[in-house]
Amino acid sequence: MDELVDVTISAESADWLASFTRELVSDRLAACGNVIPAIRSIYRWQGDISDDAEALVVLHTRKSLVPKIIERANQKHPYDTPQVIAVPVVDVHPGYRTWVLDSTDDQ
């Protein structure tokens, strides 16, 4: 049985994330993506502390598809080092689990 994960990806633009998410859903790499248009990211980058406005998407998908999502992010994301983090889904409504599995590629 394939495990479910939530994958978070941040970017400067909510519109870019929405377009990227549509592509992933269309290609069955994710069942759904929840775009959060405004987050504030504080992080260390190249020796400096940055404080930037960003957007975030939470993708619902299969663990087995994460490498393809990372590959796609490497190809298309505007950042040199995009945040792509997969976390396991510990428990899920059975109907939602079925929907995620039915909506994604079972490669």
Side-chain angles (χ1 to χ4, degrees):
M1 179 168 11
D2 206 353
E3 296 177 51
L4 299 187
V5 296
D6 280 352
V7 177
T8 63
I9 302 174
S10 61
E12 186 175 52
S13 165
D15 290 337
W16 183 89
L17 276 176
S19 176
F20 185 68
T21 300
R22 277 189 205 92
E23 182 180 308
L24 296 176
V25 171
S26 177
D27 292 344
R28 300 179 61 87
L29 295 178
C32 172
N34 308 116
V35 177
I36 303 164
I39 63 170
R40 183 175 177 183
S41 297
I42 301 168
Y43 56 96
R44 182 177 302 277
W45 185 250
Q46 298 178 337
D48 294 322
I49 302 296
S50 296
D51 188 336
D52 295 320
E54 290 188 299
L56 184 76
V57 66
V58 180
L59 303 169
H60 310 290
T61 191
R62 298 168 182 255
K63 181 179 178 183
S64 62
L65 296 174
V66 171
K68 290 184 178 186
I69 293 170
I70 291 171
E71 179 182 333
R72 188 76 57 91
N74 284 338
Q75 294 169 355
K76 299 195 172 212
H77 200 288
Y79 294 172
D80 292 335
T81 307
Q83 173 209 298
V84 182
I85 299 172
V87 295
V89 173
V90 175
D91 208 354
V92 62
H93 183 283
Y96 194 81
R97 176 185 173 69
T98 298
W99 174 77
V100 170
L101 294 174
D102 288 348
S103 299
T104 54
D105 201 352
D106 64 354
Q107 300 177 5

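When hydrophobic residues (I, L, V, M, F, W, Y) are linked wherever their side-chain heavy atoms come within less than 4.5 Å, the members clustered with W45 are Y43. Here I42 is tied into one hydrophobic group with I49, each link being a pair of ILVMFWY side chains closer than 4.5 Å.
A side-chain donor-acceptor contact under 3.5 Å links T21 to the backbone of L17.
Put simply, V84 and V5 are part of the same group of oily side chains (I, L, V, M, F, W, Y) that touch within less than 4.5 Å, one to the next. Note on Y96: it clusters hydrophobically with L101, by side-chain heavy-atom contacts below 4.5 Å among ILVMFWY residues. Put simply, V58 and I85 are part of two different groups of oily side chains (I, L, V, M, F, W, Y) that touch within less than 4.5 Å, one to the next.
Rounded to the nearest 0.5 Å, atoms CG (D91) and NE2 (H93) are 11.0 Å apart. The line from CG of D80 to CG of N74 is 10.5 Å long, rounded to the nearest 0.5 Å.
Evaluation of the ring-ring contact (aromatic ring centres under 6.0 Å, His included) rule for W16 yields F20, H77 as partners, not counting sequence neighbours. Residues meeting the side-chain hydrogen bond (donor to acceptor under 3.5 Å, both in side chains) test with S41, sequence neighbours left out: E54.
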What side-chain donor-acceptor pairs closer than 3.5 Å can you find for residues 23-39, not counting sequence neighbours?
unit_1 : atom_1 : unit_2 : atom_2 : d
E23    : OE1    : K76    : NZ     : 3.2
E23    : OE2    : R72    : NH1    : 2.8
E23    : OE2    : K76    : NZ     : 3.3
D27    : OD2    : R72    : NH1    : 2.8
D27    : OD2    : R72    : NH2    : 3.3
R28    : NH2    : D102   : O      : 2.8
R28    : NH2    : T104   : O      : 3.4
N34    : OD1    : H60    : NE2    : 2.6

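For the pair L59/I9, a side-chain contact is recorded, criterion being any heavy-atom separation below 4.5 Å from C-beta on. Contact check for R97 versus V89: no side-chain heavy atoms found under the 4.5 Å cut-off.
Within the structure, every pair that satisfies the salt bridge (charged side-chain N to carboxylate O under 4.0 Å, His left out) test and touches residues 41-53, not counting sequence neighbours, is listed here: R40-D51.
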